[in-house]
J.: 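I am attaching a structure below and will ask some questions about it afterwards.
These numbers come from a predicted model, not from an experiment. Every heavy atom of this structure was used, including side-chain atoms; hydrogens, water molecules and symmetry mates were not.
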Amino acid sequence: MTFSEYQLLTVLAQEMNMRKAAERLFVSQPALSQRLQNIEKDWGTKIFIRSQKGLSLTPSGELVVKFAQEVIEKEEQVKEEMQSLETHVHGTLKIACASIVGQNWLPKVLKRFVEKYPHAKISLITGWSSEIIKALYDDEVHIGIIRGTPDWKGPKLHLFKDSLYLVDREIRDIEDVLKTDRPFIQFKSDSNYYQEIQDWWHRHFQTTPKRTIVVDQIETCKQMTINGIGYAILPAITLNDEDTDIYKVPLMDDHDSALKRDTWLLGYESAFQLKQVQAFTEVIQEYLQSNPTAF
């Protein structure tokens, strides 16, 4: 049966009169009678009994008409839900984010997003920036947030820059690095960040650190530094005003400008057309406008 046939049965059940039903349906009585016969043939049962007083439903007809009414009600419900989808943000927002950003910056943005769009769901994976790019290429996520300068041909949005600092409980000046025997604590990261630090170090000192300790996580690196085990180079995104027991010496480039690291939002054009991605991008821009000097 077609949807119009469900409507036909519903109108006949409401009017219980062929003439009145035909007028409501804008068809002739013979045409309506023929369509009703075809419907009854499809169901293999008599749905209405005709008499001089009008129409009456058979027991089987009551079941068929009830079913027709349920179909129409369900269609109205679906249409209402579709209209709701047009005015509300639904669906799952799939994000891949560099771990350092996922730990220190993204939660504040996501808090705003879920408060503003409670019907949306979030799927989040974190990792190195190289892993984020792979997740985008493999179509596992809608958008990616990476550190460094991206080699990305699709749409991208610059989020922020944050400075790099030499952090220690004792060293107050960059040149004092050459005077200490305490270890340089490094954390594992993607090759882009590691190479950036190595290039700066060799340009500045023309030598390698006397001693090094390598740890898996940036937070471990920070905690070892705070506890005086050695010194480290950390991005501003990992530091906060509560870290008052350590010195933070900014790294400078060859032009005596602060050495900074970029953070970008990436995705394919098709992803940025999704309502949940558009809404998330708007929340990010609102957050950046209200926190222009976060780092």
Side-chain angles (χ1 to χ4, degrees), residues 94-110 124-167 184-205 209 212 214-222 225 232-240 248-269 271-272 277 280-281 284-285 287-288 291-295:
K94 300 178 182 179
I95 311 172
C97 181
S99 297
I100 190 173
V101 181
Q103 294 168 359
N104 299 280
W105 181 83
L106 185 61
K108 300 169 188 173
V109 178
L110 288 179
L124 174 64
I125 60 174
T126 59
W128 289 349
S129 291
S130 55
E131 296 171 328
I132 306 309
I133 294 292
K134 184 179 185 301
L136 282 169
Y137 282 142
D138 293 342
D139 202 28
E140 296 175 358
V141 295
H142 297 135
I143 52 176
I145 299 176
I146 73 159
R147 301 276 282 170
T149 303
D151 181 18
W152 184 256
K153 306 303 180 185
K156 55 188 176 183
L157 171 67
H158 185 261
L159 300 181
F160 57 83
K161 289 177 178 283
D162 62 314
S163 300
L164 299 178
Y165 291 89
L166 188 142
V167 180
F184 175 37
I185 305 173
Q186 295 177 277
F187 60 92
K188 292 181 180 179
S189 63
D190 57 40
S191 58
N192 181 282
Y193 180 80
Y194 178 81
Q195 191 61 49
E196 190 173 347
I197 298 302
Q198 291 297 309
D199 290 346
W200 175 86
W201 189 281
H202 287 294
R203 287 197 310 269
H204 203 86
F205 297 117
T212 60
V214 180
V215 298
D216 287 338
Q217 302 291 331
I218 190 171
E219 184 61 28
T220 304
C221 177
K222 176 183 174 181
T225 304
I233 293 176
L234 296 172
I237 192 174
T238 65
L239 305 172
N240 52 58
K248 307 167 190 174
V249 185
L251 269 59
M252 311 301 288
D253 61 20
D254 294 339
H255 304 289
D256 206 32
S257 298
L259 192 65
K260 296 188 176 184
R261 192 154 169 79
D262 292 293
T263 298
W264 292 84
L265 174 71
L266 314 176
Y268 288 108
E269 188 69 47
F272 281 98
V277 175
F280 181 67
T281 304
I284 284 180
Q285 292 172 332
Y287 178 81
L288 293 175
N291 297 271
T293 57
F295 306 111

J.: Hey, could you give me the CG/NZ distance between Leu266 and Lys156, rounded to the nearest 0.5 Å?
T.: 7.5 Å
J.: What are the two closest heavy atoms between Ile100 and Pro235, and how far apart are they?
T.: CD1-CG, 3.2 Å
J.: Supply the atom-to-atom distance Gln186 CD to Tyr193 OH, rounded to the nearest 0.5 angstrom.
T.: 9.5 Å
J.: Compare all side-chain heavy atoms of Trp152 with those of Trp264 and state whether any distance is below 4.5 angstrom.
T.: no
J.: Whether the side chain of Trp128 engages the backbone of Ser99 through a donor-acceptor N/O pair (distance < 3.5 Å, no angle test) should be reported.
T.: no
J.: Say you draw a straight line from NE2 of His158 to OG1 of Thr263; how long is it, rounded to the nearest 0.5 Å?
T.: 7.0 Å
J.: With a 4.0 Å cut-off, would you call Arg261 and Asp162 a salt bridge?
T.: no
J.: In terms of the angle between their ring planes, are Tyr137 and Tyr268 parallel, tilted or perpendicular, with boundaries placed at 30° and 60°?
T.: tilted
J.: Taking all heavy atoms of Leu239 and all of Tyr165, pick out the closest pair and write down the distance.
T.: CD1-CD1, 4.1 Å
J.: In sequence, state the C-alpha distance, the side-chain angles, and the governing distance for Val101 and Ile237, and then conclude on side-chain contact (heavy atoms from CB on, under 4.5 Å).
T.: CA-CA 8 Å; Val101 181; Ile237 192 174; 4.2 Å; yes
J.: What distance separates Lys134 NZ from Leu136 CG, expressed to the nearest 0.5 Å?
T.: 11.0 Å
J.: Measuring centre to centre across the rings, with the benzene-like ring taken for any Trp, is Phe160 within less than 6.0 Å of Tyr287?
T.: no
J.: Determine the minimum heavy-atom distance between Lys222 and Thr238, stating which atoms define it.
T.: NZ-O, 2.7 Å
J.: In this structure, are over 12 heavy atoms from other groups packed under 6.0 Å from Asp138 atom CG?
T.: yes
J.: Once you round to the nearest 0.5 Å, how far does CG of Asp253 lie from CG of Asp199?
T.: 12.5 Å
J.: Take Val141 and Ile95 through the test side-chain contact (heavy atoms from CB on, under 4.5 Å) and record every step on the way to the result.
T.: CA-CA 6 Å; Val141 295; Ile95 311 172; over 6 Å; no
J.: Any heavy-atom pair between the side chains of Leu106 and Leu124 that's under 4.5 Å?
T.: yes
J.: At their closest point, which heavy atom of Ser129 faces which heavy atom of Ala98, and how far apart are they?
T.: OG-CB, 4.0 Å
J.: Within the structure provided, determine whether Ile132 and Ile145 are in side-chain contact (heavy-atom separation under 4.5 Å).
T.: no
J.: Check this for me: Gln217, atom CD, are more than 12 non-hydrogen atoms of other residues, nucleotides or ligands nearer than 6.0 Å?
T.: no
J.: At what distance, to the nearest 0.5 angstrom, does CG of Leu110 lie from CD1 of Ile284?
T.: 8.5 Å
J.: Given side-chain contact (heavy atoms from CB on, under 4.5 Å), test Lys153 with Asp151 step by step and report yes or no.
T.: CA-CA 7 Å; Lys153 306 303 180 185; Asp151 181 18; 3.8 Å; yes
J.: Testing the basics here: between Lys260 and Glu196, what is the closest heavy-atom pair and its distance to 0.1 Å?
T.: O-OE2, 3.7 Å
J.: Under the criterion side-chain contact (heavy atoms from CB on, under 4.5 Å), I'd like the reasoning laid out for His204 against Leu251: C-alpha separation, chi angles, the key distance, then a yes or no.
T.: CA-CA 10 Å; His204 203 86; Leu251 269 59; over 6 Å; no
J.: Specify the closest pair of heavy atoms between Met252 and Trp200, including all atoms of both residues, with the distance to one decimal.
T.: O-NE1, 3.0 Å
